[in-house]
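The structure appears below as structure tokens.
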Amino acid sequence: MKAALYAAETTEGMVLCLTLHAEVDRLWRRETGAKMVLISSGMPLQWAIRLNGTQFGKEAADWSVAEWGRRLRRELGSVLVRENPQTMDSLLGIGSGVEGCTAGSTQPAGQKPQRGESGGESLAAAAQEAACPNRLTGQAERLASLMEGRSLLSGELCSMLKESAPELEPDWKAIVQLAYLRGVLFLRSAVEGSRNPGRQNSGGHRCARCGSQARGGPCGSCGSADCARCEACRALGRSRSCELLLQGRPQARSGRPRSRPLGESAGSGLPAVREANAGLRARLARWKLSAAQASAAEHALRFLETEPLSPAGAAAEKGGVRGTAAASGGQAGVPRSPKSGFKPDTAHYAASDPGSRFLLWAVTGAGKTEMLFPLIESVRSRGGSVLVATPRRDVVLELAPRLRKAFPDEAVVALYGGSEERWRRSGLTLATTHQLLRFAGAFDLVVIDELDAFPFHGDPMLAYAAEVCRASGGKTVYLSATPPAELQSLVRRNRLACAKVPVRYHRHPLPVPERLRAPSLAECLRRRSLPAPLLRRWRTSLERGAQIFIFVPKIVLAEALAVLLRRTFRGIPVGATSSEDEARGGKVLSFRSADLRILVTTTILERGVTVPRSDVYVLDADSGLFDEASLVQMAGRAGRSADDPAGRVVFAAAQNTKAQAGACRQIRRMNRLAKPFLLPETVGRGRLLQVGRLVEAVCGKGCLPFRKPEKKAASERDNREKRR
Amino acid sequence: MRGGAERALSVLRRLLAPNFEPCLACGKPVRAGASLPGICERCAAGVPWIARPRCPVCGRAQGCPDCLRPEARERAFEMNRSAVLYDAAMRRWIAEYKYGGREAFAEPFSIMLEQAYRNLVREMSAERKIRYRSPGWKADLVTWVPVSEERLEERGFNQAELIARQMARRLHIPAHALLERRVHTGKQSSKTRAERLHNLDGAFGLLPNLDPRFFRKWDLIGTEKRPRGSFPIAILLVDDIYTTGTTAAICASALKQLESLLGCSVLVYSLTLARS
């Protein structure tokens, strides 16, 4: 889009200002009687934003059109390198006649009380405010409150207004302009150019919304030959150089920070701490967590409720760049990467600012969601806003009802692509990670679920979005069963606060994978026969009534293996699914309800799926496509329910790999850590079971004499506990 | 010093790392030298080419009741040829291109369009060789269906112009904007058949300030083709989708107004990416 540019008289001379609606500026400046010279009736927005705020001396008041044209071109300099010089004047929008206007007369300022702005300017601002039509002022206020903590493209703004405030939509430009003049809304170019383009190979454009690099090209919308569009965040509306990115004020807390229950005061003397601990426990009791969950949640709560390490720094951030003109480009709380060629990820952010982050490292099936509840409650009770971000839409849909049930007084908003509640706001927001791009400085607590999962892991754009959407002084909690190696090393070096939940909610140890040497799957498929040890194990699993999860590294192998299995196990329903399967949801459901007994799948089902009584077999576990995290996650599909806590996990591979060894080590380490939390009878059972299986493997089709009664005992115990 | 070393490293990295671009349609890596640039082999194999049009008028691959309607005879364009069927995959690709702003699709699309043009040339030339024994048929000018200012502002590009210009550059045919859209009528794709047929009346017209120098070149084309007399000038009208042919017909009748300006007859051939 295009924006107009005018020069306004100040005490020092003339200053260039951009406008979306010149009439509003005229009204706004009427009171001061400052001269206003319209220079351009419309130039590419990115240029207007770049020129905005440029100062000229007193002599500028007498400049001609041609002179202004020369000055603008000099100011823009290298930005215009790729433009066609012949059409430059029409592109700059000059030549349509410079018109001066001196509206109104100077009015004695100072009848109104000062507002939050600094110094003598606020008097003038107050006077100007009175001059603008009341209706528009009210609308601008409304817009500012709608835009709080938001970062939207103009197209997104329009669609939000259409839904939330349809009366504002027709003259949104005027309202936006007034809000901008009042300093409650910041205007940026959605893709910003760097000061020295040409040095980087991309031409030096960077998306202001998602932080990715963008490439320039001709644009029919603004007419510039070097208008960059961002490919990375394209799915959420087109981010272009000439597109307007509107950012509201940081989210204001919905209430005064309430005094914490039981009068805790962080960081005071010992008695206070003891009292605080008692208070914490009392609050945790409400959520009925297991001992391990409670202890981790307590850690996390204490982290949340202590003040940031450097309050002075946070305050400086808060009052910093945000309040000034948008032209400065910098945003408070927005991390800037040191070099534009470098894409920082989560670990990078965590390392640079560890004081505000917390890692909740909970094994698969530990009941992470329940542990979140006290954290959410803590922040909400103090009037803060909470975001729970998760990589997948399915998870949002599954979590939303659980959160609604846990917080019946909250209007939980679920955001995902195609969500009905797209523009609604509330103190408790549940969103897919991509939706974070629509926020800036909005949340006091950001929870990133499944930190290591696609697409969050390895996408610097989403890591950037997760940083930007957090309010200054806010905190981030990462949830993961398999945190990336960089974060693990930060934890080891004591650079990142972390709480581990090594035990599942049913207090049984994690099944330790059994490593089995087997020929590669491709080999088996070629020979059309499966290795006997595997077949034997599958038969045992089927006999004990378990569901069999078979993971293969590639989509093509899944269906081929299913065909072979159907031939081998006649009468047993076998399914295969992958990311390309449209009926995946249905197959998972029928697998869960035991209509399918064997499901062959790829890493697509490695997380988020709970099938009550299941055994996990990973074939070609030595494939490069299975890293340590995904092996741990796949192993985590077994033994999730209390009725069958000791599922079987087998890694079948032709060779040993680091990933397999690492996964087994990680699971064993967690089981060791879990000892104090385990049910007394289960301690050491993991090893016993392994010995039993060894015996079984040697004897062929053996049954475990000690296994059944124990399982029964365990389930009885569980039942008893439930009754309690 | 450090900057220099870093730059050298990045150059080295670029040289050594295989440059796999992700497929525009499915995101899988594309091998260099694919038949359609930016599209992987698997997606390219799924393109529903119209190898042999069944309807001689509109180029549809199936039988065509539309062109049998009496009012269809009065259409101002000679014929339409489309590169592909408008199936689910193409619908997705074109939507990505038009509404999703993936301009990178322009390149494979222009190649698909070129394919359709080559088929048209073959068809026309064959007929001509038999009948007139004249050399092969060739289009004299490429133009495209314009979009309204408002739409251009929103999208940032004219989807038809982009592919038309790319194709014309490769084929060395002059390309020029000749039409303007006078009224903004909303998307054709969101209208029913009856609405589509009439809402475009008067929506298109010739550009007001066409460069007269341009027409002198056309005189040259005419004399080159047939030194003795006037010769009809063949204009290719490019658009992305052909559904009822209304847009093409109205644009073609606007282009026919050139006849009075030029003093020679104008034949309009519609060339579209997809035939629905």
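Below, read A as the first sequence line, B as the second, and so on, with proteins coming before strands; counting in each chain starts at 1.
In terms of heavy atoms, A:Glu580 sits closest to B:Lys28 at OE2-NZ, 3.2 Å. When every heavy atom of B:Tyr99 is checked against every heavy atom of A:Arg238, the shortest pair comes out as O-NH2, 2.8 Å.
Checking side-chain atoms of A:Ser221 against main-chain N and O of B:Glu153 turns up a donor-acceptor pair under 3.5 Å.
Taking SG of A:Cys222 as the reference point, atom CG of B:Leu152 lies at 10.0 Å (rounded to 0.5 Å).
The number of heavy-atom neighbours closer than 6.0 Å to CD of B:Glu41, taken from other residues, nucleotides and ligands shown, is above 12. For B:Arg170, the CZ atom is densely surrounded, since the number of other residues' heavy atoms within 6.0 Å is greater than 12.
Using a 4.5 Å cut-off between heavy atoms, A:Glu243 makes no contact with chain B at all.
Looking at A:Arg229 and B:Arg102, their side chains never come closer than 4.5 Å, going by heavy atoms from C-beta outward.
Residue with the most contacts toward chain B among A:Lys2, A:Arg240, A:Glu231, A:Met1: A:Arg240 (heavy-atom pairs, distance under 4.5 Å).
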